[in-house]
Structures are given as structure tokens and as C-alpha cells.
Visitor: 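Pasting a structure below so you can have a look.
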Number of protein chains: 2
Amino acid sequence: MAVFKKVEETFLKGHKVFIPSVSIDCVIFGFHNNQLKVLLLKTLYAKEWALPGGFILKEEHVDDSAKRILEERTGLQDIFLQQFYTFGDPKRSDQVYARQMIKELQIDVPISNWLLQRFVSIGYYALVDFEAVNPTRDFFSESCDWHDIHELPEMIMDHRAIVDQALLTLRMHLNYHPVGYNLLQEKFTMPELQKLYETILDQKLDRRNFQRKMVSYGILKKLRERRKGVAHKSPFLYVFDLKKYHKALKDGFQTTW
Amino acid sequence: MAVFKKVEETFLKGHKVFIPSVSIDCVIFGFHNNQLKVLLLKTLYAKEWALPGGFILKEEHVDDSAKRILEERTGLQDIFLQQFYTFGDPKRSDQVYARQMIKELQIDVPISNWLLQRFVSIGYYALVDFEAVNPTRDFFSESCDWHDIHELPEMIMDHRAIVDQALLTLRMHLNYHPVGYNLLQEKFTMPELQKLYETILDQKLDRRNFQRKMVSYGILKKLRERRKGVAHKSPFLYVFDLKKYHKALKDGFQTTW
DNA sequence: CCAAAAGTGTTACAAGTACACCCATGT
DNA sequence: ACATGGGTGTACTTGTAACACTTTTGG
């Protein structure tokens with residue numbers, strides 16, 4: 001059984017390729033049907049779900065580890081990734097689930113095994129195009145699925161707190177870095193962009209003020225095209241003006257002082 | 001020689017008490033003579049300076065490790081501490097300096113020694129009362145001193161970049177969390193508070209607008225007392241209204257949306 | 001008595017908020 | 001034809017920026 005082999009190999013040989021004590025957890029946000037979604041893995045040997053995560057190769061930049069983990073779960077490259085916090089509570093206890101696993105799989109693993117040690121976990125959040133993602137489970141899980149941010153299932157360890165922290169950070173960053181580019185299709189309408197903001201911020205925004213503010217950033221290009229086949233008045237399509245978008249990101253959007 | 005003993009012990013027995021692969025670096029900010037200062041350690045076996053840092057005890061919360069490290073260097077408890085980024089470039093190479101040390105001290109250490117491995121470092125910044133600090137060196141350094149943020153000496157590894165990142169983060173946080181409370185004496189004048197802000201932000205601010213804005217936060221108490229013995233008109237003293245200060249911190253100062 | 005710093009107030013402009021009208025589209 | 005959502009404009013409120021005058025103090 002391939003899964004068994006792979007899990008056993010990770011337990012027994014992981015310490016040769018990964019650095020110990022440090023893991024990575026990714027909160028992958030997507031947007032679909034006007035809802036903010038998070039990509040989760042159903043654990044094999046527990047009823048809870050888990051964040052896509054992994055370990056850091058001995059000579060790998062931590063950012064690259066996160067990127068690698070993300071590519072494996074989504075099939076996407078060039079993902080928008082942002083480190084947001086490192087979780088260092090000794091009682092996060094990655095061990096509980098790991099112990100359950102070796103018990104279920106009846107792998108012969110000493111208590112000193114690297115995976116049974118305490119882990120500090122570096123949290124990254126990612127913004128991805130929901131449609132483009134091909135959710136792919138890993139060897140420690142039975143499936144990989146999107147979950148509405150408002151209806152998250154039971155999650156292992158402190159993963160729920162990690163999601164909450166990621167969302168808080170994303171909300172903060174929203175003021176500095178317009179995120180639509182990463183979460184929407186190439187072409188989108190203003191109402192769609194607004195729904196995205198409303199969903200992330202979990203509050204209603206004024207239609208007209210939102211439009212004015214977005215336009216004022218000067219990073220959007222309004223197309224002559226309109227969204228077809230929808231009920232009511234057909235809205236205009238927009239795309240990000242990548243040149244101006246990246247320039248604005250570099251210069252920063254807001255400073256107050 | 002006590003230093004030798006302690007360093008040797010860390011190399012040889014550190015892996016029994018600390019978790020591997022993870023270190024902590026602290027950027028300790030103080031304010032003195034209208035200048036922003038950073039507390040640095042002069043390394044024993046190199047000409048460069050280093051950030052106060054350390055490792056995480058096996059059962060210790062990472063926040064507590066940072067707190068412990070800070071207490072050891074400053075003699076202060078209850079310090080304002082904020083995790084701001086985790087540095088994970090494999091080429092940060094903590095090893096260079098460690099290797100230099102074992103060469104100088106002629107300690108017999110195998111290449112597999114825990115301290116010669118790659119480290120991921122969690123960055124914390126701290127805001128402390130300059131006057132209250134008693135700078136104390138550790139066993140890897142010959143002295144511990146304040147340095148002006150604008151005149152930093154040569155620093156080991158990526159420590160300079162860590163300081164820069166800490167300062168950037170502090171500037172960002174300034175909009176959300178007024179920091180005067182941690183960096184100034186209990187009683188202070190408005191011009192002193194303004195100097196602090198100007199120093200952190202590295203820009204002049206308008207006297208009158210600054211005062212109005214600060215007062216509008218409603219977290220200061222104006223005393224009847226004035227600063228005595230200074231040239232020119234004596235300025236009023238202020239203290240933080242701790243009750244309102246903490247309430248404001250919890251509620252947040254700014255949200256824009 | 002004067003230079004330098006501190007206290008205070010006013011005005012102009014930009015940004016954010018609230019709200020109203022008309023238009024296009026599918027049912 | 002009409003209900004629903006989309007496009008656009010305008011007044012009001014708040015916040016930020018720029019700026020001037022008076023007061024106090026030590027030298």
C-alpha cells in the first residue's frame with residue numbers, strides 16, 4: 001500500500017532530508033460563489049481536518065518550502081504567498097496526531113523519532129484562483145477539499161487558530177495590498193470585486209464608494225466588454241493593469257503619517 | 001575560564017535542553033537623547049556585532065524564550081515584545097560565526113554538532129525604557145551596548161537586515177499601537193513624545209497637528225506639573241491613562257474600512 | 001529683553017460617508 | 001412592465017495639512 005510506505009518512509013527517513021523542529025502550515029484562500037474558501041485536508045486517522053503543511057528541506061529557503069507545499073496541493077505555480085506568523089506554543093503538540101498515526105499504521109517508531117518531537121510552525125497564507133486549483137491530497141490525508149470560512153470543520157491541534165490569525169492578517173493587509181488580482185479570474189466585474197472584499201472583511205460596503213476608491217487606486221483597466229448572460233443590467237468587465245498594479249505595490253498604498 | 005566553559009557546554013550539551021534548528025533574535029529598541037537606539041552585543045571572536053539572541057528550551061513557549069533572552073540582556077521584566085518575522089534563508093549561515101568560535105576556542109566539535117546546523121530564526125522586537133536597562137553581555141560576547149539606529153556597526157550574518165525589518169514593522173505598527181508607553185519614562189512631555197515619533201518614522205511632524213492627534217486618541221492624561229529646569233517655556237507633563245490605553249489597544253486604533 | 005521653544009486656534013483641502021436617480025436586463 | 005442589480009453624481013462630515021500668534025523661560 002503506497003500510502004503506508006510513504007508515511008513510514010517519512011517517519012523513518014524524514015530526518016535525513018528535512019530540518020527538525022520546524023514545520024510549515026499554509027492557509028490557502030480561494031473565492032467561489034461569493035464565499036471565501038480555505039483548502040483543507042481530511043486526516044487519514046482522525047475525524048478532524050488539517051491545514052496543508054509540510055517540512056523544510058535541509059538546504060531549502062523556507063519561502064520555497066511553502067511554495068513547494070502549495071504547488072503539491074493545488075497544482076499551481078507562481079502563487080501569492082505571505083508569511084504571517086510563527087506558532088511556538090509547546091502545547092500545540094503535533095505529537096498527538098503523529099502518535100495516532102503510528103498506532104494505526106503499526107509502524108515501529110521509537111519515542112525519539114523526529115516526527116514525535118515538538119514543532120514550531122511557520123504560517124503562510126496564500127491567495128489563489130479557485131477555478132484554477134486542482135485540490136490534491138497528500139500521503140497523510142484521504143482527501144483535499146475547499147471549506148467555507150464560516151463553516152470550518154473540526155481541525156487538529158491549533159489549526160483553527162492559525163486560520164483565524166491568517167484571516168485577521170489578510171484583513172489588515174487588504175488596506176495596503178489590493179488582493180483581487182490573486183483571487184479572481186483575469187476579467188471580473190466591480191460587483192464581483194466588491195463581494196470579495198465584503199467576504200474577507202465580513203461586512204457590507206457601499207457600492208458607489210467602493211467603486212470610487214478602487215478606481216482611484218489607478219490599478220484597474222475598464223474594458224468595453226460586459227459580463228454577458230447575467231440577470232439585470234450587465235456590468236462592465238475589468239482587468240488589473242499589471243504595470244501600475246506592481247508599481248503601486250512597490251510604492252505602497254497607504255502610510256497615514 | 002568561565003566563558004570557555006559555558007561556550008563549550010552550549011556546543012556539547014545544548015542539544016539536550018534546546019530544540020534544534022530554531023533560534024531567536026531580538027531587536028531591542030530604546031530611546032535616548034532624542035535618538036533611537038538598538039542594543040547589540042560585541043562578538044568575542046569576530047569584529048562584528050550581533051543581535052541578542054538565543055535558543056528555545058524544549059518545553060518553552062517561543063514567546064517565553066524571547067522574554068527570557070530579553071531579561072538576561074536588559075535586567076527588565078514585563079517587556080513589550082512583538083514577534084515580527086521568521087528568517088528562513090538557508091544561506092543566513094549561522095555556521096560561519098559558530099565555526100570561527102570553535103576554531104578560536106579549540107573546542108573539539110564534530111561537523112554534525114547541533115550548533116553547526118542551519119538555523120531558522122524567529123525575529124522579535126522589544127520596546128524598553130532606556131534608562132531602566134542594565135545592558136548585560138552573554139557568554140558569546142565581550143560587551144553589550146546601545147547603538148544609534150543611524151550608526152550601526154558591522155553585524156554578523158543577516159542581523160542588519162533583521163534590524164531593518166524590525167524598524168519597518170515598528171513604523172507600520174505605529175499607526176495601530178501608540179508606542180510611547182513602552183519607550184518613555186512614566187512622565188513625559190508632548191515634545192518628547194513627538195521626538196520619539198519623528199525618530200522612529202525618520203521625518204519631521206507638525207507640532208500642533210501631532211498634539212491634536214495624540215490628544216484625540218484619548219489615552220493621555222495631562223498633568224498640572226511641568227518639566228522643570230529646561231530652557232525656554234516649560235512644557236506640561238503627561239502620563240498614559242493605562243485604563244484607556246489598554247482599552248484602545250484592544251479595540252484597535254484604526255481600521256479604515 | 002530677546003531668542004527659542006511651548007501652548008493654542010483657524011482655515012483650506014482631501015478623504016471618507018451617506019444617500020438618490022436613472023438605466024439595462026431577464027423573467 | 002417590473003423587479004433587481006448596475007452605473008453615475010452630489011452634499012455632508014471627518015480628518016489631514018498648512019500656517020500665525022501669543023506666552024513662558026533661561027541666559
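What's counted below: heavy atoms across the whole structure, side chains too, no hydrogens, waters or symmetry copies. Every chain is numbered from 1, with letters handed out A, B, ... down the list of sequences. Note that the structure is predicted; figures quoted are calculated from it, not measured.
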Visitor: Which class fits the ring pair A:F240 and A:Y181: parallel under 30°, tilted 30 to 60°, perpendicular over 60°?
Guide: perpendicular
Visitor: Any donor-acceptor pair under 3.5 Å linking the side-chain atoms of B:S141 with those of B:T43?
Guide: no
Visitor: Could you state the NZ-P distance from B:K204 to D:dT16, rounded to the nearest angstrom?
Guide: 21 Å
Visitor: With no hydrogens and no angle check, is any side-chain donor or acceptor of A:D148 less than 3.5 Å from a backbone partner on A:H150?
Guide: yes
Visitor: By nearest atom, which of the nucleotides D:dT16, C:dG7, C:dG16 is closest to the A:K213 side chain?
Guide: C:dG16
Visitor: What N/O pairs connect the protein and nucleotides 20-27 of chain C at under 3.5 Å? Give each pair on its own line.
Guide:
residue	atom	partner	partner atom	Å
C:dA20	N7	A:R208	NH1	2.8
C:dA20	N6	A:R208	NE	3.3
C:dA20	N6	A:R208	NH1	2.3
C:dT25	O4'	A:H232	O	3.1

Visitor: Rounded to the nearest angstrom, tell me the gap between atom CG in B:D206 and atom C1' in C:dA6.
Guide: 13 Å
Visitor: Rounded to whole angstrom units, what separation is found between the CG atom of B:N209 and the P atom of C:dA14?
Guide: 16 Å
Visitor: For D:dT8, does OP1 or OP2 lie under 4.0 Å from any side-chain N or O of A:Q211?
Guide: yes
Visitor: Does a side-chain N-to-carboxylate-O contact under 4.0 Å join A:D206 and A:R212?
Guide: no
Visitor: What is the distance, to the nearest angstrom, from the CG atom on B:L193 to the C1' atom on C:dG7?
Guide: 16 Å
Visitor: Sequence neighbours left out, what pairs pass salt bridge (Lys or Arg N to Asp or Glu O under 4.0 Å) with at least one residue falling in residues 227-237 of chain B?
Guide: B:E192-B:R227
Visitor: B:Q203 CD to D:dA17 P: how many Å, rounded?
Guide: 9 Å
Visitor: Charged N to carboxylate O below 4.0 Å: is that the case for B:K243 and B:D241?
Guide: no
Visitor: Is there a donor on the side chain of B:R212 or the base of D:dT14 sitting less than 3.5 Å from an acceptor on the other?
Guide: no
Visitor: Answer yes when A:D164 and A:R160 have at least one side-chain N-carboxylate O distance shorter than 4.0 Å, and no when they do not.
Guide: yes
Visitor: Round to the nearest Å and state the distance from B:L205 atom CG to D:dA18 atom P.
Guide: 11 Å
Visitor: Can you tell me the distance, in whole Å, between the CZ atom of A:F210 and the P atom of C:dA18?
Guide: 16 Å
Visitor: How many Å lie between NZ on B:K222 and C1' on C:dA6, as a whole number?
Guide: 10 Å
